[in-house]
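Every chain is numbered from 1, with letters handed out A, B, ... down the list of sequences.
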Amino acid sequence: MSRFSRRDFLITTAGAALASSMAEPALAGLETPKRGGTLIGTWGGFEPQSLFVPPGGGSSPYFTSTKVLERLIRLTVDLKFEPVLAVDIKPSADFKSYTIKLREGVTWHDGNPFTAEDVVFNAMQYWKPISAGVSLDALESAEATDPLTVVLKFKAPVPEFFLKSVLAGKSGLVIPKHIYAGSNIITNPINNAPIGTGPFKVKEWVRGSHVEYLRNEKYWNPGLPYLDRLVIRWWRDPASRAAAFEAGQLDIGTFNPIPMPDIARLASGGKIIAETKGYANSAWVTTIEFNQRRDIFNKREVRQALMQAIDRQFIADTVFFGRARPSLGAVHSSNTIFFTNDVQDYPFDVKKAGKMLDAAGFPVKGGSRFKLSLVSAGWFEENIKIGQYVKQAFEDLDITVDLAVPDRATSLKRIYSDYDYDVAISNNSGGIELIPSTTQYYTTDGIVKGAAFRNATGYSNPKLDEIVAKMTVETDEPKRIVLAKDFDRLATIEAPLLPMVDLEPVTIVRSDVRNHSATADFMGESWAELWLDR
Amino acid sequence: MLRLGIDFVRRFARNRAALIGLLLVIVVIGVALAAPWLFPRNPLRIVGRPEIWPFVNSRYPLGTDSLGRDIAAMIAYGARTTLLIGLCASVTATLIGITVGATAAYFGGWVDEMLMRFTELFQTVPNLIFVLTIVSILGQKIEYVTIAVGIVTWTPIARLTRAEFMALRDREFVQACRAMGMGNLRIMLGEILPNALPPVIVLSSLVIAGAVLFESAVSFLGLGDPNVSSWGRLIGDGRTLIRTSWYICAVPGLAIMVTVLALNLVGDGLNDALNPKLRDR
């Protein structure tokens, strides 16, 4: 069976999954949601550094902050934008300004009203300088024309899908002006107990254990949330999460919470379900990154050779037990808008890799071509194994490898702050829209020392920057898709970093939890609609 | 001297359990030494299908782990790591312990006060947390793990050495040495230490067992050196599969248990042999 037939098969099944999920809201409508109860949730990673990390900070704080902080709009599973705090967002004819109509009667958890002034503050003080970074470079001004209307003005045309993706994405959380104005947003201690407009209020965060949220009785959407209490608890390892499910101490776990071989066993009883929906807008990959500050990895041929030395099918089959597949290009294969298979492929071929290294000027001398330090980020259990496998794959090329698998904090520091690695194994999750969630790993302006999950390799290529710059202002969607494919081709052939495998994450959930996984990024939704059939 | 040696062996051998312990330790040392001949390739190499159970495939007598690495090879090489860390950490701890304990007891007064408070400072920090802290600061290298374990385990040796020295320092033979004008260092090392050593040796042998456990704990928590094979790491890697392939944890777990038990038995035997008067108590 060739790779392509497998891929086609997977795409077909993914399509079927998408179709069935679109039918779900109708099905859910048949049952009357029940109010009340406590839901205990977790995810396949560890506790965050802070409940809300304004510049991003990865999935862990994203998971905890989105139950409290909301966005203007959200993306549904069939890739349509739905109103949340904004009821309408309309571009002008030249796409240089957008008018945002806000929802009436929304209050912050401390009782203050949510107004257009808050959105103006977020746009100019939070999104543009801190969270969205380069993606809002063109934003010139934000103005509140009345208490519920904001006009965003841009220097250049801004594509509609792009702007809405930013507003519905990880960087579009809306924070209260009256709390943050005049303070340093990033270091404000309120980030450990954020105040938002969301369906849940932070009750307490017991470090090392869990965070408890209570129902927001004054939530703008009457009747929601259905739950009285939400607890997000962290376990150190997947096996204990599986045990917690079996003991009834855990209701839902997103993003591969339990060991892959346990999934079938747990799901066989019917009380627990393995759900693959809900990840369309947070497509996870495991990446390999080559530090451009090192002379060896500054050579394109070396990077390409090393890509070919890794049997990525092995990683997908053995480490992820088939719940992943070898990546093709820089864009996740689940991206129905921008994915293309017309990119350079790096099939597993050790001999060819060796010849490429010989040709690049790194022949075997005294048993070794060169020495490299491999840092595999220890935030997922799988990365320990991948690190050990990649070490071996490189050793087969007569490269001396010094492997380190540091804990989460040290991994973040070594990869994204100190750039203390030669080759790194990391993860990221990108949205459907490529700017900035995918492009920021390749563009020059993605190099921000200390900012986690950006361009850590130091790769800088004016040609690639130009393509992304064009994409940023191209408002014609078909033309944008062409540009996106140009970007993908160039990034893939340059390979400063590339996804090794596209993950197909699973949510493990008890069968009496209802209304889950129905959005494009379920983990980062507010979970207001979740209810318990108990 | 020879008579003393024979006496020692006879007393040690009277303790049957100690003999069994010694035998087991020799087996472990033998496996560690023979590892490169038994398993000529890198033990961390992926050699076969993942999760082959023990005694199923004769090429992998103890099975393979979740990546398809030969558990038997990892156990054999892991024995080297384990014993090396155990020995080095024990030597480090003994050196620090004897130096501190002997100096404190011999000189007494403020030196004693200071050194003992210093020792207590180390004693009050929970050992495992202290080891983890040192390793996470210095880095995940086998050398650093050894140093860390040495640093946390020297305190009981220091206290014991101090007690022995206190008992000996005012004895007639020491006073005689002083009267002859011997230097402090010579009295401490040449006269008192040989007499104080037997119980310290027993304790040091127990420190080896402790060090093995520490190394396993550090590796289990994923802070060990990922470039070397170690029993604790094997358990740590296997724990996600404990429900389906429990042997990945059980095999190295058994190895750790047997080794630590054997080392403790040898320690008991040494105690009998070196402190014969205590034996009948």
Is the shortest side-chain heavy-atom distance between A:R510 and A:L250 below 4.5 Å? no
Do [X] and [Y] sit within salt-bridge range, that is, some charged N less than 4.0 Å from a carboxylate O?
X	Y	value
A:D237	B:R239	yes
B:E120	B:R117	yes
A:D418	A:R414	no
A:E246	A:R265	yes
A:E47	A:R207	no

Counting a contact as any heavy-atom pair under 4.5 Å apart, which residues of residues 132-144 of chain B contact chain A? B:Q140, B:K141
So if I take each residue of residues 43-64 of chain B and look for any heavy atom under 4.5 Å from a heavy atom in chain A, which residues do I end up with? B:L44, B:R45, B:I46, B:P50, B:E51
Name of the residue among A:T287, A:I425, A:V285 meeting side chain to side chain contact (heavy atoms under 4.5 Å, CB included) with A:M500: A:I425
When heavy-atom pairs shorter than 4.5 Å are enumerated against chain B, which of A:Q388, A:E395, A:Q392 gives the highest number? A:Q392
Tell me which of these, A:R236, A:M260, A:K385, A:E381, has more heavy-atom pairs under 4.5 Å with chain B than the rest. A:K385
About how many Å separate CH2 of B:W231 and OG1 of B:T82, when rounded to the nearest 0.5 Å? 4.5 Å
What's the spacing between A:F290 CZ and A:Y421 OH if we round to 0.5 Å? 10.0 Å
Is [X] in contact with chain B via its backbone, its side chain, both, or neither, using a 4.5 Å heavy-atom distance?
X	answer
A:D402	both
A:V401	backbone
A:K391	side chain
A:L403	both
A:R241	neither

Honestly, the part of B:L241 sitting under 4.5 Å from a heavy atom of chain A is side chain
Cationic tip of A:R293 within the cone over A:Y419's six-membered ring, i.e. under 6.0 Å and within 45° of the normal? yes
I need the minimum non-hydrogen distance between A:P505 and A:W284, along with the two atoms involved. CG-CD1, 4.1 Å
Around atom NZ of A:K449, are there more than 12 heavy atoms of other residues, nucleotides or ligands at under 6.0 Å? yes
Would you please indicate yes or no on a ring centroid separation below 6.0 angstrom for A:F453 and A:W379? yes
